[in-house]
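Have a look at the structure below, then the notes.
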Amino acid sequence: TQLLEQSPQFLSIQEGENLTVYCNSSSVFSSLQWYRQEPGEGPVLLVTVVTGGEVKKLKRLTFQFGDARKDSSLHITAAQPGDTGLYLCAGEPGSNYKLTFGKGTLLTVNP
Amino acid sequence: DAGVTQSPTHLIKTRGQQVTLRCSPISGHKSVSWYQQVLGQGPQFIFQYYEKEERGRGNFPDRFSARQFPNYSSELNVNALLLGDSALYLCASSLVRTVNEQFFGPGTRLTVL
């Protein structure tokens, strides 16, 4: 079973601070995705990375896929209260059309 | 365009009962996947259906079953409910048989008493 370990599990910061959350595995993934989920709602796709070493930017969010395609990070610059939510990474091991999710990082940005 | 819709939004059942959850994918999407999300955990893959056929199954008992209809909507059935089946059940749709561009619905919150 391919596992995705996310860290930290909880993160509480002040508005304007920067943060990084991590997603690590001992397995190789053909693609990796980041989602944000708010209470009572389904996850919303933020980005998909497919190439080792790939870096994608989405406004204040920067996503990186490790060279070996086993890990990823999400960096948020100047966090805002609207960034509050559960950040989930998910990977597709091989091409078997099954997504494996991490447990998530619960981010709280205080005004 | 409407996103993925799921019904009902909330459901309360007792142990041993059976439940059916429904999902309508985004118009034009032919693939539907089902996930179970227990409180404090990430979603766990249950099934993927593409073109009305089961294409993938996660590590769930045979009490869980699903089907996809000609209009690509889908139902998830769970028999002989256990307390541990209490969770948020999520449906995700994608245009083709891929998990790279999945769009999730709001989920059905199932509580088993």
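First the proteins, then the strands, lettered A, B, ... as listed; each starts at 1. This one's a predicted model, so the numbers in the text were calculated from it and none came from an experiment.
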For this session: Counting only heavy atoms closer than 4.5 Å, note whether B:Q37 contacts chain A via side chain, backbone, both or neither.
Result: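 Side chain of B:Q37 only, per the 4.5 Å heavy-atom cut-off to chain A.
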For this session: Tell me, for B:R109 versus chain A, whether the close heavy atoms (under 4.5 Å) come from the side chain, the backbone, both or neither.
Result: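 Neither part.
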On a heavy-atom basis, which atom in [X] and which in [Y] lie closest, and how many Å separate them?
X: A:L45; Y: B:Q102; answer: CB-O, 4.2 Å
X: B:F45; Y: A:L99; answer: CB-O, 3.8 Å
X: A:E41; Y: B:L88; answer: O-CD2, 4.3 Å

Problem set entry | Heavy atoms from other residues, nucleotides or ligands near NZ of A:K56 exceed 12 (cutoff 6.0 Å) |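 For A:K56, atom NZ is crowded (more than 12 foreign heavy atoms under 6.0 Å).
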Exercise. Near A:R60 CZ, under 6.0 Å, is it more than 12 heavy atoms from other residues, nucleotides or ligands?
Worked result: yes
Exercise. Does some side-chain heavy atom of B:P43 sit less than 4.5 Å from a side-chain heavy atom of A:L88?
Worked result: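 Yes. Closest side-chain heavy atoms under 4.5 Å.
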Exercise. To the nearest 0.5 Å, how far apart are CZ in B:F104 and OH in A:Y35?
Worked result: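 If I round to the nearest 0.5 Å, the distance is 4.5 Å.
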Quick check on the hydrophobic clustering: are [X] and [Y] connected, directly or via other members, by side-chain heavy-atom contacts under 4.5 Å?
X: B:L83; Y: B:F64; result: yes
X: B:F69; Y: B:L21; result: no
X: A:F29; Y: A:W34; result: yes
X: B:L11; Y: B:L76; result: yes
X: A:Y22; Y: A:L61; result: no

Problem set entry | chain B contact via A:L86 - side chain, backbone, both or neither, heavy atoms under 4.5 Å | side chain
For this session: Name the region of A:Q37, side chain, backbone, both or neither, that has any atom closer than 4.5 Å to a heavy atom of chain B.
Result: side chain
For this session: Count the heavy-atom pairs under 4.5 Å between each of A:P43, A:G40, A:G42 and chain B, then report the option with the highest count.
Result: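 The answer is A:P43.
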